[in-house]
Amino acid sequence: MSSSNTTNHMRPEASVLVSPSSSRSVTETVNGSHKFVIQGYSLAKGMGVGKHIASDDFTVGGYQWAIYFYPDGKNPEDNSAYVSVFIALASEGTDVRALFELTLLDQSGKGKHKVHSHFDRSLESGPYTLKYRGSMWGYKRFFRRSMLETSDFLKDDCLKINCTVGVVVSAIDCSRLRTIQVPESDIGAHFGMLLENNEGSDVTFDVDGEKFHAHKLVLAARSPVFRSEFLEKSEENKEDIVITDLEPKVFKAMLYFIYRDNLKEDVDATTSTSTSISSLSDSLTAKLLAAADRYDLERLRLVCESHLCKDISVNSVAKILALANQYHAKELKAVCLRFAAENLAAVMRSDGFEYLKENCPSLQSELLKTVAGCEEDCSSGGGKSRSVWAQLSDGGDSHERRVRQRT
């Protein structure tokens with residue numbers, strides 16, 4: 001018996017080929033625009049060189065921005081011969097790179113706007129860099145004031161400025177090669193067809209002689225009031241349900257919202273044209289707010305609040321505040337109170353404030369509390385706020401009393 005030892009020599013395995021990796025860096029701009037309307041230009045003149053009117057802050061690319069308009073110019077050497085316009089970084093940031101565009105709108109309809117733009121042209125030194133919060137880009141000599149005041153850019157003592165900001169961002173593109181688009185939900189359209197075609201309707205409403213057919217389950221799913229009416233009562237009422245506290249057009253708009261979860265465009269139109277004290281309460285939006293409160297339709301209530309919020313002004317805020325209080329529109333009420341507190345002197349001189357004193361005296365105490373809150377928020381101007389507060393407490397005649405005491 002013999003044995004032998006053998007040695008196996010391992011051959012080197014062939015190397016595994018790995019697909020090369022790749023990546024792509026994409027540098028682009030995140031763009032956003034803001035329209036700044038300057039009403040009362042002639043009253044703003046004379047405020048002083050270097051003093052500005054600021055727009056609301058707006059967000060682009062994760063940063064806050066603001067437009068500064070200098071009626072008397074920013075540069076003392078120009079002796080108020082020019083108006084100045086700048087875009088300012090209004091939030092914290094370091095070395096924010098951006099492109100800008102300022103457009104003074106021609107209000108004659110001719111379309112001859114004055115445009116200063118970084119977009120669509122090559123910049124030798126690249127985008128503008130704002131080093132820190134408060135950094136600005138713009139023009140000290142944006143427009144000669146004497147020419148501006150005789151131009152088509154100024155109409156009805158009003159200027160309109162469009163601002164576009166493009167924040168430069170860089171990222172690695174890792175988007176998938178294929179995407180599947182999912183259409184937006186059309187459930188509202190399907191339910192809306194049920195309402196329009198009366199298919200399977202099992203309840204009829206009589207609103208001032210006009211008939212509306214609907215579906216108990218749909219109404220019950222949307223409104224706690226209808227749910228109690230149709231599902232929690234044992235007896236079945238086959239007769240028409242008579243509605244006496246809503247107009248046909250209001251009830252129809254409410255049904256449309258219940259089925260489709262949105263409002264028709266004509267509801268928006270009626271809101272924007274109803275700014276007087278009497279017309280506000282008669283507007284379709286105000287009546288829909290009452291219907292939303294009546295049937296506990298919370299989303300409809302918020303939609304109406306949003307529409308009415310856009311109409312808040314010195315003359316209308318008191319009436320809108322009364323509507324919000326009456327129909328439990330909490331968010332709208334809070335906005336009205338805050339606006340009235342911040343503009344109290346002007347609001348007190350309005351017809352709407354007289355309406356508030358006569359019809360909703362309890363709201364004055366809530367307004368006082370809001371004024372007190374505004375005073376705490378503002379470290380400056382406290383004396384002026386206390387004077388206005390005293391006028392409100394005295395019914396608005398504290399100034400007259402002081403004059404009599406001096407004589």
Side-chain angles (χ1 to χ4, degrees), residues 184-268 270-271 280-310 320-337 360 362-363 366:
E184 293 185 3
S185 172
D186 56 359
I187 188 172
H190 289 294
F191 274 92
M193 292 302 295
L194 283 178
L195 179 64
E196 293 179 13
N197 298 333
N198 300 326
E199 295 179 3
S201 61
D202 54 1
V203 63
T204 303
F205 294 92
D206 185 335
V207 187
D208 197 19
E210 190 169 341
K211 305 288 185 178
F212 295 93
H213 302 279
H215 306 78
K216 291 181 179 180
L217 284 177
V218 176
L219 300 180
R222 298 282 277 159
S223 162
V225 176
F226 283 130
R227 185 183 307 121
S228 176
E229 180 75 20
F230 298 138
L231 301 185
E232 297 177 7
K233 291 185 178 181
S234 58
E235 59 182 8
E236 182 179 359
N237 183 7
K238 295 184 179 180
E239 297 180 358
D240 293 352
I241 298 177
V242 179
I243 304 295
T244 59
D245 54 354
L246 293 179
E247 300 174 19
K249 66 176 182 179
V250 179
F251 191 81
K252 181 178 181 180
M254 183 185 74
L255 282 182
Y256 185 95
F257 183 87
I258 287 175
Y259 278 77
R260 290 184 176 268
D261 204 39
N262 58 42
L263 293 175
K264 289 186 175 180
E265 293 180 359
D266 56 355
V267 176
D268 296 336
T270 56
T271 307
L280 268 172
S281 58
D282 293 332
S283 68
L284 182 54
T285 304
K287 293 178 179 179
L288 275 173
L289 179 63
D293 184 60
R294 164 74 174 81
Y295 291 99
D296 199 10
L297 297 165
E298 185 59 29
R299 176 170 160 77
L300 177 58
R301 189 204 317 271
L302 288 172
V303 170
C304 294
E305 289 184 61
S306 176
H307 290 334
L308 289 170
C309 184
K310 299 174 184 176
I320 296 178
L321 175 58
L323 288 173
N325 184 65
Q326 181 179 0
Y327 298 123
H328 308 97
K330 296 180 181 179
E331 295 197 29
L332 180 62
K333 180 179 178 180
V335 172
C336 288
L337 285 171
C360 310
S362 63
L363 286 175
E366 295 189 56

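No hydrogens, no waters, no symmetry mates; every other heavy atom, side chains included, goes into these values. Quick caveat, the model's predicted, so the values are computed rather than measured.
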Q: Nearest 0.5 Å, what's the CG-SG distance between L332 and C309?
A: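 Between atom CG of L332 and atom SG of C309 there are 6.0 Å.
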Q: Tell me if the aromatic rings of H215 and Y259 count as close, with their centers under 6.0 Å from one another.
A: yes
Q: Got a second to check how far R301's CZ is from R294's CZ, nearest 0.5 Å?
A: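 Going from CZ on R301 over to CZ on R294, the span is 13.0 Å.
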Q: Assign the ring pair F251 / Y295 to parallel, tilted or perpendicular, where the plane angle (0 to 90°) is split at 30° and 60°.
A: perpendicular
Q: Run the salt bridge (Lys or Arg N to Asp or Glu O under 4.0 Å) check on K252 and E247 step by step: do they pass?
A: CA-CA 9 Å; K252 181 178 181 180; E247 300 174 19; over 6 Å; no
Q: Would you give the length of the straight line joining atom CZ of R227 to atom CG of D296, rounded to the nearest 0.5 angstrom?
A: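 CG of D296 is found 9.0 Å from CZ of R227.
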Q: Salt bridge check, R222 against E298: does any charged N sit closer than 4.0 Å to a carboxylate O?
A: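 No salt bridge links E298 with R222.
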Q: Exactly one of E305, H328, E366, Q326 should register a side-chain hydrogen bond (donor to acceptor under 3.5 Å, both in side chains) with K333. Which one does?
A: E366
Q: Would you compute the distance between atom CG of L300 and atom CG of L288 and round it to the nearest 0.5 angstrom?
A: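 The CG atom of L300 sits 5.5 Å away from the CG atom of L288.
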Q: Verify the neighbour count for atom CG of D208: are there more than 12 heavy atoms of other residues, nucleotides or ligands below 6.0 Å?
A: no
Q: Nearest 0.5 angstrom please: L308 CG to L321 CG, how far?
A: 12.0 Å
Q: Please determine whether salt bridge (Lys or Arg N to Asp or Glu O under 4.0 Å) holds for the pair K249 and E210, giving the CA-CA distance in whole Å, both sets of side-chain angles, and the decisive distance to 0.1 Å.
A: CA-CA 10 Å; K249 66 176 182 179; E210 190 169 341; over 6 Å; no
